[in-house]
Amino acid sequence: MRTHLVYAHPHNGSLNASLRDEAVQTLEGLGHTVTVSDLYAMNWKAVADYDDFGPTENEHFMAAAGEAWEKDSIAPDIKAEQAKLLEADLVLLQFPLWWYTVPAIMKGWFDRVFTNGFGYSPSRDWPRFGDGVLKGKRAMVIVTTGAAEAHLSDRGVNGDINDLLFPIQHGVLFYTGMAVLPPVVITGAGWQTEYADSAKHLRERLETIAETEPIAYRKQTEDYDEDKRLLPGRETEGTTGFALHIAR
């Protein structure tokens, strides 16, 4: 497979950096072609603004983005990242969980790369949630957390890790068409978990990635009504929240 890893951590001597290198070495050892977007090393511009679109007089930001897509005037750094995604069979996002989400530089990568015309469209007919430009690709999150596993459980003080990752896995990756694999979660990073155990867990997940079943997110075209509400009776009785959008 062709794998593209989008990586966000500012310190090249960090646990994340070691895991990034472990991932690349494991995948290449399995015969994958691997590319890496190291966002901090790239000095990635994290703020989406009109400079991304070339000359435009359109004051509506979303419309200006769509105009730039149609005119092929989107900034070169954005085009380069879009090309990497289009070429990949597998997309990995690796980051530390900061304030319950991705580092700002990765959020800026989402904002700028998944632009109108590539990642989304205001059109009601635009394919999304299981369909879209990136349909047919697989994706997986690799995340480290300072919180312990118990803190991120169903009754944990931080909330269930699957709920915390839902906006990224469902709202970004699945939204744009990718099949999303269960995440690799390294808990207690830096104080509770030994590096050897973390590296072993990551290697095992990567070695079985081709056989791993994706999270069974519901497709918009199959499970929702015209108002984009889940059709009655699709869920197990008593299911609420994000779990409604996963077939069980």
Side-chain angles (χ1 to χ4, degrees), residues 2-9 34-95 98-99 101-143 165-181 214 217 219-221 224 228 245:
R2 294 165 295 182
T3 299
H4 183 56
L5 171 61
V6 184
Y7 170 79
H9 196 287
V34 184
T35 55
V36 179
S37 289
D38 183 337
L39 300 182
Y40 281 96
M42 293 162 62
N43 195 28
W44 176 259
K45 172 178 172 268
V47 178
D49 56 29
Y50 284 93
D51 291 340
D52 292 341
F53 306 145
T56 181
E57 296 181 1
N58 200 320
E59 295 182 357
H60 188 287
F61 189 79
M62 186 185 297
E67 177 187 308
W69 174 259
E70 292 175 359
K71 292 181 176 179
D72 194 28
S73 60
I74 291 174
D77 61 338
I78 297 175
K79 286 184 184 179
E81 294 302 298
Q82 291 173 341
K84 292 172 189 175
L85 291 176
L86 291 172
E87 291 169 3
D89 302 301
L90 171 67
V91 176
L92 302 175
L93 301 181
Q94 185 189 340
F95 56 91
W98 286 356
W99 290 107
T101 188
V102 297
I105 198 168
M106 182 170 280
K107 177 55 166 62
W109 185 87
F110 296 162
D111 292 345
R112 299 186 64 227
V113 173
F114 294 112
T115 187
N116 184 1
F118 181 81
Y120 74 94
S121 167
S123 169
R124 289 179 60 87
D125 298 326
W126 178 264
R128 50 175 71 85
F129 293 116
D131 294 297
V133 173
L134 301 179
K135 183 178 180 179
K137 303 178 187 299
R138 292 158 74 85
M140 186 173 75
V141 164
I142 303 169
V143 59
L165 294 177
F166 185 88
I168 301 161
Q169 296 185 144
H170 182 269
V172 177
L173 301 175
F174 186 67
Y175 182 95
T176 54
M178 290 183 270
V180 184
L181 309 183
Y217 290 130
K219 293 187 67 173
Q220 177 177 294
T221 54
Y224 298 85
K228 307 301 185 288
H245 306 290

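Counting all heavy atoms, side chain and backbone alike, Leu173 lies closest to Ala139 at CD1-CB, 3.9 Å. When all heavy atoms of Lys219 and Tyr224 are compared, the pair lying nearest together is O-CD1, 3.5 Å. Across every non-hydrogen atom of Arg128 and Ser123, the tightest pair is NH2-O, 3.3 Å. When all heavy atoms of Lys137 and Ala88 are compared, the closest pair comes out as NZ-O, 2.7 Å. Pairing each heavy atom of Pro122 with each of Asn116, the nearest pair is CD-OD1, 3.6 Å. Contact between Ala8 and Met106 at its shortest, heavy atoms only, is CB-CE, 3.9 Å.
Atom NZ in Lys228 sits 4.5 Å away from atom CZ in Arg124 (nearest 0.5 Å). In this structure, CD on Gln94 lies 12.5 Å from OG on Ser37, to the nearest 0.5 angstrom. To the nearest 0.5 angstrom, Leu90 atom CG is 11.5 Å from Arg2 atom CZ. For the atom pair CG of Asn43 and CG of Asp38, the computed distance is 11.0 Å after rounding to the nearest 0.5 Å. Here the CD1 atom belonging to Ile78 is positioned 6.0 Å from the OG1 atom belonging to Thr115, to the nearest 0.5 angstrom. Taking CD1 from Ile74 and CD from Glu81, the interatomic distance works out to 13.0 Å, rounded to the nearest 0.5 Å.
Residues Val6 and Lys84 are not in side-chain contact: their nearest non-hydrogen atoms beyond the backbone lie 4.5 Å or more apart. Residues Leu134 and Phe118 form a side-chain contact, since some pair of their non-hydrogen atoms from C-beta on lies under 4.5 Å apart. Contact of the Leu5 side chain with the Val91 side chain is not registered, since no non-hydrogen atoms from C-beta on lie closer than 4.5 Å. Side-chain contact between Pro103 and His9 is absent, with no heavy-atom pair separated by less than 4.5 Å. Proximity of Phe129 to His170: side-chain heavy atoms (C-beta onward) are separated by under 4.5 Å at one or more points. Annotation: side chain of Leu86 is in contact with side chain of Val133 (closest heavy-atom distance under 4.5 Å). For the pair Tyr40/Ile105, a side-chain contact is recorded, criterion being any heavy-atom separation below 4.5 Å from C-beta on. You'll find the side chain of Asp131 stays beyond 4.5 Å of the side chain of Gln220, heavy atoms only.
For the residue pair Thr101/Lys107, the side-chain donor-acceptor check at 3.5 Å is not satisfied.
Ring-plane geometry between Phe166 and Tyr217 is classed as perpendicular, the angle between the planes exceeding 60 degrees on a 0 to 90 degree scale with a lower cut at 30. A perpendicular orientation is assigned to the rings of Tyr50 and Phe61, their planes being inclined by more than 60° (bins at 30° and 60°).
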Mind running side chain to side chain contact (heavy atoms under 4.5 Å, CB included) on Leu39 and Tyr7 for me, showing each step along the way?
CA-CA 6 Å; Leu39 300 182; Tyr7 170 79; over 6 Å; no

Could you go through the side chain to side chain contact (heavy atoms under 4.5 Å, CB included) check for Val102 and Trp109 one step at a time?
CA-CA 10 Å; Val102 297; Trp109 185 87; over 6 Å; no

Val113 vs Leu85, test: side chain to side chain contact (heavy atoms under 4.5 Å, CB included). Steps then yes/no.
CA-CA 10 Å; Val113 173; Leu85 291 176; 3.8 Å; yes

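Side-chain rings of Trp69 and Phe53 stay apart, their centers remaining 6.0 Å or farther from each other.
Under the side chain to side chain contact (heavy atoms under 4.5 Å, CB included) test applied with Leu93, the options Ile168, Val172, Ile142 reduce to a single match, Ile168.
Using a cutoff of 4.0 Å between basic side-chain nitrogens and carboxylate oxygens, Lys45 and Asp77 are not scored as salt-bridged.
In this structure a side-chain-to-backbone donor-acceptor pair under 3.5 Å is missing from Lys71 to Pro55.
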